[in-house]
Every structure is written in structure tokens, then in C-alpha cells.
2 protein chains.
Amino acid sequence: MYKRIHNFSAGPAVLPEEVLLEVQEEMLDYRGHGLSVMEMSHRSAPFQEIIDNAVAAVKRIMDLADDYEVLFLQGGASTQFYMIPLNLCPDGEVANYINTGSWAGKALKEAQKMGKKMHVAASSEDKEFTYIPRDFVLSDNPAYLHITTNNTIRGTEYKFDPETGDIPLIADMSSNFMSKPVNFRKYALIYAGAQKNIGPAGVTVVIIRKDIIPRINSGLPTMMSYNTHIEKGSMFNTPPCFAIYVTGKVLKWIENQGGLKAIEQNNIRKAKCIYDILDNSRFYRGTVVREDRSMMNIPFRLPTEELEKKFISESTAQGMLNLKGHRSVGGCRASLYNSLPLKSAQVLAEFMLDFEKKNR
Amino acid sequence: MYKRIHNFSAGPAVLPEEVLLEVQEEMLDYRGHGLSVMEMSHRSAPFQEIIDNAVAAVKRIMDLADDYEVLFLQGGASTQFYMIPLNLCPDGEVANYINTGSWAGKALKEAQKMGKKMHVAASSEDKEFTYIPRDFVLSDNPAYLHITTNNTIRGTEYKFDPETGDIPLIADMSSNFMSKPVNFRKYALIYAGAQKNIGPAGVTVVIIRKDIIPRINSGLPTMMSYNTHIEKGSMFNTPPCFAIYVTGKVLKWIENQGGLKAIEQNNIRKAKCIYDILDNSRFYRGTVVREDRSMMNIPFRLPTEELEKKFISESTAQGMLNLKGHRSVGGCRASLYNSLPLKSAQVLAEFMLDFEKKNR
């Protein structure tokens, strides 16, 4: 038998137990092939099937047709912060960003650092990133508008898709990717590190609408050009095979759950367990405006930092891991990604009520 | 029970069965922590221990002290082809390369593509890369000399360390990394994709001698600067945690085998099984000069392409996988990396003798 804790990590995060059991089962002998997926040539038929199935599942789940390319790349969202302006902001145009917190800030700083013209089209920095700006003003000659659809540290989330007309809309969806139905077709480029909602660390999904491919700058370093990876189906060089394989299993799990509508219903139920407490408590305090709060990452404060320490230490002792807020903002944070079982949210809610009773 | 084939893949490649069994055992509950390594926050104590242990093992195995930094990065050797000239070839200096085949060629082309001054200090292209050049001529103002210590496609291997004096020597060791004792201290930078000799795909080991750190160019894209990863101990962003974890287990396995001296003895025995046949046969023909032939990748030809097809199809049917030569050169190739059991080499040797008897 094995023990499983309740894992509220902001990422890498909990995976479905069914997926881990399958991975375990196939570890030494993948479906009678006599080797682990980690030992497979990426040019072999079984691995080609694994990556093809993962690409097809992404398209089915997101309701995308052949007008999109789906890539599995390395280097995390942080590498995309560089690749996006490098590929998609030509000289004479301006990279536009909405600044909604730490990761959005890192993305825009990277464009700036490269010497690209960068424009902040909107920002919620005035209120410590506790809300999502509704309005934005694009620069002249905008190359694109970049948003961060969920802000892992601050706990805010886009619940609408900004209207940019003909201007390509680009989104870092790392921390709410595939957590709910979205009109993905409004986006020219979507990227997400797998390690929050759809798999383990080490692979980044990048989804590119084909109409922007002609806009990709030429003469780029081979590994930094989207064209390299599009032309070679993510296999210009050896891809992160095992991470793609596990991600493929999580995608299948999402489909088995009933797709994004069903996933969203589960996520709403889980988030409600915690938000109901925050809304009805004078002990716990949510930190963001109600209408923009995230279904994925719920930061909250207790009356004192001392109580927060006690809360984290007692919850850890009771098998609830990673409830400490990000070091840059302090407090507590519960991350409730797709694969977190409802039971975990319920156990946390009970613990919160109990802790309040004993400590208020 | 599970079936295991004999895996002669050029990479991703066979892993020690002991390692896979441990990974399997720990899949749902890593050492009583109640979660998989794939589900761990990279900021958690158990993961910090995993990466610290892996760094320490690399240093122990290679006999390096604290004058070296050990990084675990993403993007494969192909990303290093870009990062090396970007970081280590300042304006006014010249990136020097020895061209020993396909991967060496890709490395030097990347420097050229970036607009760096590039100089081919030696090449074995005149004889289709079937040997390792002994002499080389550096350019004026050389930034470094880059070599490829083992050529996976052609099957040649450096058995000496080029003398470069004060000029930094840089080596892509992807396909013979940790396969034998080397005077690693002669190298200023060593890199290797893990997926051949020390782990699964998705992580690249980069080892940097600290005295060249002041030479790293400034103002680089965050993820492309070695300084970023040195300062943050490979954790500027989420690292490929699971690939590092499995690599750590292979490193431990190498130490348990007795370190690089013992590993080399095993590799010599395995390679001898095949080379003895090539040396004593008029049927099979090795393709590279004897003194430079690789202990890792053994390309060979049969009398006709038809016989080669038959050889590959019959060996596959008998549970020996991936004996087809690289598509760019044809023929057959057996890759005998560290983790390939001696038994696999023996089984292949028997098959080769038997096939010769039946088909000559």
C-alpha cells in the first residue's frame, strides 16, 4: 500500500492517481514492447504514436482544427518569454503586454531586455495586482498583445478574452490551462508549462494559429525559432519523451472526465469549498477582488503572521502539503488544479473551519 | 512478469533495470512523502535533496571539485549549440570548432548563423568523418575550441584530449559521457544530453569551470545566460524534475558499479564482442579507422543493402531493437551505452555469427 497526501502545490502539482498507476504499470515494459518509454528512440513507431495522440487530444479538448499547430517544447514558460518577441515582434513594431503580476512582469521585461519596443497596454500594479484590468490601450504598430490568464502568485484570473481585433492575442495559460472551456480560437498563440494542470515539469505546450506563421522572423537561432519545431513536429531534436507521455495520459484523463465542461464543474466545486469559508469568515481574508479571483490558486491571510505559521505547520502535520503563500507575497495559498481530488478541497475546508474555531 | 528486449538505440537508450524498478516502486509515494517526484514542488526539501545529490554525484564520479559548476538544463545539446557562442564568444574573438560529423557540424553552423566569427580548426570531412583529426590550427583570437568527443552517427570517438593551453576547451560529450575515465579538468565546459548514457531525455548536464564565468557575455536573454542558471542552482524556473531524479539514480548506479574505471571495463567487454566479429569477418565491415572507433556506437555494413534489411528485420524479430544505422548514412549500427547489459552484446554477437553463417 502507498500513502497519498493532499497536495496543494502551485506547481509541479498533483497528478491523477489513475495516471500514476498506469505509468507505474508500464514502467519496465510499455504495452509489451519490452522497454520503458524513457528508453524508446523518439524516432520509433510507439513514440510517434504517443506524441501524435497527445497532439490530437490537445486539439480535441480545446476544439481546435487543423488551423492550429500544437508543439511540445522544452524550457518552460520562461523560454517562451524570450521566444515570443524574438519570433513575433519584427523591427518597427511594438510588443504589447498587460501586466497582472510577477510572471506577466517577467514576460514583458524579457521583451524589453532584448531591445524590442515594449508597451504596457494595461496594469493592475496600482492595487498590488489584486484585480484584472478591463480596459487597455494598445501602442501604435502593435505586434501582439500578451496576457497572463491566471496569476499563480496573486490569485487573479481572466474570465473574459480581451478583444484585440486583428492584432494577435497571445496568452501564457500555464496555471489555468485546460481548467475550463475558453474560446481558444480568439488566441493566436497559447503556451503553458505542463506542470500545473496537465502533466509533469519538463514540457511546455505551445499552440500556434497557422495564420501567424508567416509573421515569424527569419534568421533566428535554430532551437529558438517556432518554424524549426513546426517543420519537425516537435522532433527537431530529442523531445522530453517521458513528460510528453505522462501529459498524454493526463489529457486522456481530462477527456474521460468529460472534457473541459466537466473539468470546470469539478473546479468550481473545489474552489467553492474554500471561497465559501473566506466569504463567511472574519478570521480568513481573501486578497483579491471577488470577480477576478482564480479558480486555481487561492491566496488568503489569517489575522497574524504567527497564526499563518501555525496554520501551515498544523496543516502539514495533518497531510495537507504546500499551503504556504509564495515567498514574494507571504500568507497562505491553496492551489486546486484539475487533478486535485474534491476530497482534498473538502479536507482543507474542514481543517480551516476547525482551525478558526480553535484560534479565533 | 515483464518482458525486456535488447535495446541498441542510439538514444534515448536503455536504462539499468534496477533504476526502473526503483522508479516504479516510488511512483505514487516517494519514500513515504505521499506523492510522486513528478508532483513535488521544486522548492520542496525532498526535491532540493534530489538535485543536490545529483550534482554531488556528478562531481564525485568525474573527480571535480568546487571549481566546477554542474547545471541541469533543458533543450538538449542543440540548445547548447546556441548558448555556447552566445555566452562565450565575445565580439572580436573567434569561435573555433573541430568538425567530426553531423552534430559537430550543427554546432559550428549555429555559431556561424548567429553572425559570430567561426573557424574550422580541423575537419575529417575529407574522408567522410571516418576518423578523428590529430592536428588542428586555431584562428587568431580564439574564444574557445569546441569538439564532439563521440560521433553517434559515424561511430568515431576521441581517445585523447586536445591540447589548447590557455584557450578554453569545450566538449559535447553527449554520446560518450561518463563511459570511461577522462581528464575532465582539461575542459572549460562539458555538456551532454542525458538520454544516451546517464538518464532519460529532457535534461542536459552542463559543467562549467568557474574560471570562465567572468568571460560570460552580459545582457543575454535570461534563460539563455549560464549566469542565470549558475546563480539559481538550475532552479531559476521549474527544472525537469523527474528527468533529474532518474538521472540521479543512474549516477548512483554508476557509482555502485565502481565508478568510471569499472564502467569502462564493462564497455570494453561489450564493444569487444562486436568489434571482434567485424575484425575477423569478410561479411561484416566496420566503417571507421580502427584507432578512432567508438566504444559506444558501432556502425557496420553488410555485403549488400538487401542483406542489411534482412539483418535488421531478423534481429528485430529476435528481440534486438534499433540496429538500423542513422538515416543519413544507412547500414547498421549497434549502440552499447553504459546501461546496456553485457548479455545484450553477447546475444547480438551470437546473432551476427549465426546470420553470417546462413547468409554468406
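Chain letters run A, B, ... following the sequence lines, proteins first, then strands; residues in each count from 1.
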* Go through the side-chain N and O atoms of A:Gln74 and A:Thr79 and say whether any donor and acceptor fall under 3.5 Å apart. => no
Among [options], who wins on heavy-atom pairs under 4.5 Å with chain A?
options                              : result
B:Leu86, B:Asn237, B:Val37           : B:Asn237
B:Lys3, B:Met27, B:Lys109, B:Met223  : B:Lys3
B:Thr222, B:Leu73, B:Leu35           : B:Thr222
B:Pro240, B:Ser9, B:Gly75, B:Ser41   : B:Gly75
B:Pro200, B:Cys241, B:Gly11, B:Ala13 : B:Ala13

Is any side-chain heavy atom of [Y] closer than 4.5 Å to one of [X]?
X        : Y        : value
B:Val329 : B:Pro299 : no
A:Arg43  : A:Met235 : yes
B:Gln195 : A:Phe242 : no
B:Ile84  : B:Tyr226 : yes

Which of parallel (below 30°), tilted (30 to 60°) and perpendicular (above 60°) describes [X] and [Y]?
X        : Y        : result
A:Phe236 : A:His229 : perpendicular
A:Tyr191 : A:His146 : tilted
A:Tyr30  : A:Tyr245 : perpendicular

Which atoms of [X] are under 4.5 Å from chain B, going by heavy atoms: the side chain, the backbone, both sets, or neither?
X        : value
A:Met114 : neither
A:Glu25  : backbone
A:His6   : neither
A:Leu220 : backbone
A:Val246 : side chain
A:Gln24  : both

* Is the number of heavy atoms from other residues, nucleotides or ligands within 6.0 Å of NZ (B:Lys113) greater than 12? -> yes
When heavy-atom pairs shorter than 4.5 Å are enumerated against chain B, which of [options] gives the highest number?
options                               : result
A:Asn7, A:Asp29, A:Leu321             : A:Asp29
A:Thr238, A:Ile244, A:Val23, A:Val203 : A:Thr238
A:Ala201, A:Gly202, A:Pro12           : A:Pro12

* Asked: Would you call A:Glu49 and A:Arg31 a salt bridge, taking side-chain N to carboxylate O under 4.0 Å as the test?
  -> no
* Name the region of B:Ala243, side chain, backbone, both or neither, that has any atom closer than 4.5 Å to a heavy atom of chain A. => neither
* To do: Please look at B:Tyr2 and chain A and tell me whether the side chain, the backbone, both or neither of the residue comes under 4.5 angstrom of a heavy atom of that chain.
  => both
